[in-house]
Asks: 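I'd like to ask you about the structure that follows.
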Amino acid sequence: MGSRIVPQWASKPCAMGIDEAGRGPVLGPMVYGCLYCAQSYLKTLATLSFADSKTLKEEKREELFETLKTNDSIGWDVDVIDPRELSAKMLKKNKINLNEISHSSAMGLIDRVLKMGVLLTEVYIDTVGDAGKYEAKLSNTFPSIKFVVAKKADSLYPVVSGASIVAKVTRDRALREWVLDETAENMQRNFGSGYPGDPQTKSWLENHKHHIFGFPTLVRFSWGTCNTYFKDIAEVLWESDNLDEDGASNNSNGKRQLKLSNVGFTTSKKRSEEIESSGKGRCRFFQARKLEHLTHF
């Protein structure tokens with residue numbers, strides 16, 4: 001991913017562009033790409049016919065990507081964020097929204113390139129959220145870099161256009177080569193563009209849902225659009241949802257929400273309350289079935 005041996009020009013002032021691909025789709029990874037070069041090379045870069053990747057045909061993007069990979073005056077890198085990671089972060093108890101994930105990814109790329117020994121003095125980046133706040137956040141983290149945060153940066157600055165090609169081609173390849181490792185019958189790859197409004201994508205989601213296991217790992221199941229596919233999904237109530245690690249309750253009234261009679265055994269009301277208040281109730285379900293907790297396999 002990008003050139004790992006730091007070229008000589010990297011010790012002179014350098015500029016970098018950052019852009020993403022796949023922010024909106026319900027399928028596949030989100031990819032952040034960066035392109036960097038010496039500031040003295042920016043004029044030449046402008047002649048290499050890089051353009052916002054969305055305005056180019058796929059063959060042209062692939063061709064430009066191959067060209068920039070062999071150009072010794074350019075460095076590049078990517079951060080591929082798996083759909084499972086996106087969903088997990090967005091559905092955590094302390095939710096991390098897509099803007100925060102995007103900011104972290106962009107900042108991670110800057111950090112990585114700086115640590116390689118590249119003298120970054122300017123970074124051009126497409127805005128995510130409020131441009132002023134984003135610029136302040138970036139400047140506070142990397143005070144030695146001048147940031148230009150702009151809407152449509154990928155069509156304004158060739159260095160960002162180059163980054164957008166890196167990101168888009170990487171995402172397209174990731175989708176093309178995605179291993180559908182689930183073993184459901186009749187799984188196929190004609191999922192269209194991956195955008196929620198695409199009829200082919202909708203049809204694919206409808207045909208690849210499972211009432212218990214949900215969607216294949218290609219799907220960002222945290223996207224609101226996914227909820228409509230599961231009107232008849234099996235509901236799972238996790239016994240430990242209201243308990244912390246040591247079995248104590250997190251409910252304000254100190255009562256556990258587990259109905260003991262619903263998990264396969266009954267007991268007197270008084271005994272039931274004792275179990276509930278002691279926090280041992282959740283273990284009884286397993287004990288009744290002679291199941292043990294293993295820590296080593």
Side-chain angles (χ1 to χ4, degrees), residues 1-5 16-37 45 48-89 98 101-102 104-106 108-110 112-113 116 125-126 128 153-155 158-182 187-198 200-201 203-205 208 215-223:
M1 309 255 175
S3 166
R4 286 287 173 258
I5 299 160
M16 180 157 91
I18 300 178
D19 199 24
E20 51 72 29
R23 183 181 164 82
V26 65
L27 298 180
M30 181 166 78
V31 177
Y32 260 79
C34 72
L35 187 88
Y36 54 93
C37 63
L45 189 76
L48 299 183
S49 65
F50 291 154
D52 170 11
S53 64
K54 290 185 281 296
T55 66
L56 301 170
K57 287 199 162 66
E58 189 171 354
E59 297 77 31
K60 184 65 179 165
R61 285 198 300 262
E62 292 272 353
E63 187 187 307
L64 286 167
F65 186 45
E66 292 309 317
T67 307
L68 73 85
K69 282 193 337 194
T70 58
N71 186 330
D72 292 338
S73 302
I74 298 173
W76 61 278
D77 212 330
V78 289
D79 180 24
V80 179
I81 308 161
D82 189 277
R84 283 165 291 195
E85 186 184 339
L86 287 170
S87 296
K89 284 182 169 168
L98 199 57
I101 296 169
S102 299
S104 297
S105 181
L109 283 173
I110 296 167
R112 201 186 300 173
V113 172
M116 281 167 58
I125 189 165
D126 219 4
V128 172
D154 46 6
S155 51
V159 73
V160 183
S161 307
S164 95
I165 288 164
V166 168
K168 185 80 175 92
V169 173
T170 302
R171 177 176 147 84
D172 287 348
R173 288 181 180 179
L175 269 180
R176 270 203 306 275
E177 293 157 21
W178 192 273
V179 178
L180 290 164
D181 50 7
E182 292 79 14
M187 281 198 91
Q188 29 77 358
R189 307 185 65 87
N190 54 345
F191 39 66
S193 67
Y195 279 85
D198 181 337
Q200 207 174 351
T201 303
S203 161
W204 189 89
L205 285 168
H208 289 76
F215 282 121
T217 56
L218 179 67
V219 180
R220 305 176 188 178
F221 54 85
S222 59
W223 260 228

Asks: Can you name the nearest heavy-atom pair linking Ala167 to Gly33, along with the distance?
Replies: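 Minimum heavy-atom separation between Ala167 and Gly33: CB-N, 3.7 Å.
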
Asks: Has Ser161 got a side-chain atom pairing as donor or acceptor with Asp154's backbone, closer than 3.5 angstrom?
Replies: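 Indeed, once roles are kept as given, a pair shorter than 3.5 Å links the two residues.
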
Asks: To the nearest 0.5 Å, how far apart are CD1 in Ile110 and OH in Tyr32?
Replies: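 Between Ile110 CD1 and Tyr32 OH, I get 10.5 Å after rounding to 0.5 Å.
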
Asks: Any chance you could measure Leu175, atom CG, to Ser193, atom OG, to the nearest 0.5 Å?
Replies: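 OG of Ser193 is found 9.5 Å from CG of Leu175.
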
Asks: Got a second to check how far Leu56's CG is from Glu62's CD, nearest 0.5 Å?
Replies: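 Those atoms lie 11.5 Å apart.
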
Asks: How about Ile165 and Asp19: do any of their side-chain heavy atoms sit closer than 4.5 Å?
Replies: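 SC-SC contact between Ile165 and Asp19 ruled out.
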
Asks: Of all heavy-atom pairs between Arg23 and Pro25, which one has the smallest distance, and what is that distance?
Replies: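 Looking at all heavy atoms of both residues, the shortest contact is C-CD, 3.5 Å.
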
Asks: Determine the minimum heavy-atom distance between Ala163 and Gly17, stating which atoms define it.
Replies: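 Looking at all heavy atoms of both residues, the closest pair is CB-O, 3.3 Å.
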
Asks: When rounded to the nearest 0.5 angstrom, what distance separates CG in Leu218 from CG in Leu205?
Replies: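 Answer for the CG-CG pair, Leu218 versus Leu205, is 9.0 Å.
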
Asks: Within this structure, what is the CG-CD distance for the pair Leu109 and Glu20, rounded to the nearest 0.5 Å?
Replies: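 Interatomic distance, Leu109 CG to Glu20 CD, rounded to 0.5 Å: 12.0 Å.
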
Asks: What are the two closest non-hydrogen atoms of Leu45 and Pro158, and how far apart are they?
Replies: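 What the structure gives for the nearest pair is CD2-C, 4.0 Å.
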
Asks: State, with a plain yes or no, whether a side-chain heavy atom of Phe65 is found less than 4.5 Å away from one of Val166.
Replies: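 Sidechains of Val166 and Phe65: in contact.
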
Asks: Between Thr201 and Phe191, which heavy-atom pair has the shortest distance, and what is it?
Replies: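 Thr201 and Phe191 have their closest heavy atoms at OG1-O, 2.7 Å.
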
Asks: For the side chain of Ser105 and the backbone of Ile101, is there at least one donor-acceptor N/O pair under 3.5 Å apart?
Replies: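 Looks like no, no N/O pair under 3.5 Å.
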
Asks: Just wondering, do Glu85 and Lys89 contact through their side chains at under 4.5 Å, heavy atoms?
Replies: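 Lys89 vs Glu85: side chains touch.
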
Asks: Without swapping roles, check the side chain of Arg112 against the backbone of Val78 for a donor-acceptor pair under 3.5 Å.
Replies: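 Side chain of Arg112 to backbone of Val78, a donor-acceptor pair under 3.5 Å: yes, one is there.
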
Asks: Do Asp172 and Arg176 sit within salt-bridge range, that is, some charged N less than 4.0 Å from a carboxylate O?
Replies: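 Salt bridge: no.
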
Asks: Would you say that Trp204 contacts Val219 through its side chain, given a criterion of any heavy-atom pair below 4.5 Å between the two side chains?
Replies: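 The answer is yes, as the side chains (C-beta and beyond) meet within the 4.5 Å cut-off.
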
Asks: Are side-chain heavy atoms of Phe50 and Leu68 found at a separation under 4.5 Å?
Replies: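 Side-chain contact under 4.5 Å: yes.
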
Asks: Judged by atom type as modelled, is there a donor-acceptor pair below 3.5 Å linking the side chain of Asp198 to the main-chain atoms of Gly192?
Replies: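 Checked: no pair found.
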
Asks: Mind listing the closest non-hydrogen atom pair of Met30 and Arg220 along with its distance?
Replies: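 Shortest heavy-atom separation between Met30 and Arg220 comes out as N-NH2, 3.5 Å.
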
Asks: So, the side chain of Arg171 versus the backbone of Val31: is there a donor-acceptor pair under 3.5 Å, distance only?
Replies: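 Not a single qualifying donor-acceptor pair exists.
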
